[in-house]
Amino acid sequence: MPARSSASRRTVLRGAAAAPVAGLGLTACGAPKGRPAAVPTAPVDLGAESEVARGGATLYRDHNVVVSRGEDGTLKAYSTVCTHAGCPINKLQGTTLVCPCHGSEFDAVTGEVVQAPATEPLTELRVKAANGRIVAGPAA
Ligand code: FES
């Protein structure tokens, strides 16, 4: 009985491991097909202003936007669509954004590249705090 149970689990795990590869729709370079918009096309309410601490940054994965706040309280926002091959960046370590596709890293405070292969900075967005909410949108 234990041996049979183990074999069943292995079969299930093997199937689960193969499934995501088929479902992601990756191209040869690893970037997803049908790139998301590089920037929001209209102002978007991201959340409460309190979510972005001074000296910190918050990644809004659903909108492909990162917002940082300087020590003086100044807000900055950038598109988190990687400038290397268009992958949505899904990881924020402190104020460093890490692209899952080829490992490029960006400074969420300045938008600058801190680790290749990307060479171009992130696209800066317009951002403001209004009525306790953070709103970001395309640059003017
Ligand atoms: Fe290649 Fe981001 S798409 S590092």
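This structure is a prediction, so every number in the text was calculated from the model and none was measured. Whatever order the structure lists ligands and atoms in, that order sets their numbers, starting from 1.
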*Asks:* Mark up the atoms of ligand 1 that fall under 4.0 Å of a heavy atom belonging to Ser104, in ascending order.
*Replies:*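 In order of numbering, the contacting atoms are 4 (S).
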
*Asks:* Among the N, O or S atoms that His84 has, which is closest to atom 1 (Fe) of ligand 1?
*Replies:*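 Closest N, O or S atom of His84 to atom 1 (Fe) of ligand 1: ND1.
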
*Asks:* Provide the closest heavy-atom pair for Thr95 versus Gly55 in the form atom of the first, atom of the second, distance.
*Replies:*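 What the structure gives for the nearest pair is CG2-O, 3.8 Å.
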
*Asks:* Check ligand 1 against Ala85 and write out every atom of the ligand that is under 4.0 Å from a heavy-atom position of the residue.
*Replies:*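 With Ala85 as reference, the close atoms of ligand 1 come out as 3 (S).
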
*Asks:* Quick one: do Arg133 and Glu49 make a salt bridge, cutoff under 4.0 Å?
*Replies:*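 Between Glu49 and Arg133 there is no salt bridge, as every charged N stays at least 4.0 Å from the carboxylate O atoms.
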
*Asks:* Would you give the angle at atom 2 (Fe) of ligand 1 between Cys82 atom SG and Cys99 atom SG, to the nearest 10°?
*Replies:*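 Vertex atom 2 (Fe) of ligand 1, arms to SG of Cys82 and SG of Cys99: 110°.
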
*Asks:* Any idea which N/O/S atom from His102 gets closest to atom 1 (Fe) of ligand 1?
*Replies:*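 It is ND1, the N, O or S atom of His102 closest to atom 1 (Fe) of ligand 1.
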
*Asks:* Against heavy atoms of Cys87, which atoms of ligand 1 measure under 4.0 Å?
*Replies:*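 So the answer, numbered in order with elements, is 3 (S).
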
*Asks:* Does Asn131 have more than 12 heavy atoms from other residues, nucleotides or ligands lying within 6.0 Å of its CG?
*Replies:*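 Incorrect, the count does not exceed 12.
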
*Asks:* May I ask you to decide if Val109's main-chain N or O and Tyr78's side chain share a donor-acceptor pair within less than 3.5 Å?
*Replies:*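 Yes.
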
*Asks:* Could you pull out the closest heavy-atom pair between Glu51 and Thr58, with the gap in Å?
*Replies:*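 The pair with the smallest heavy-atom distance is O-OG1, 2.7 Å.
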
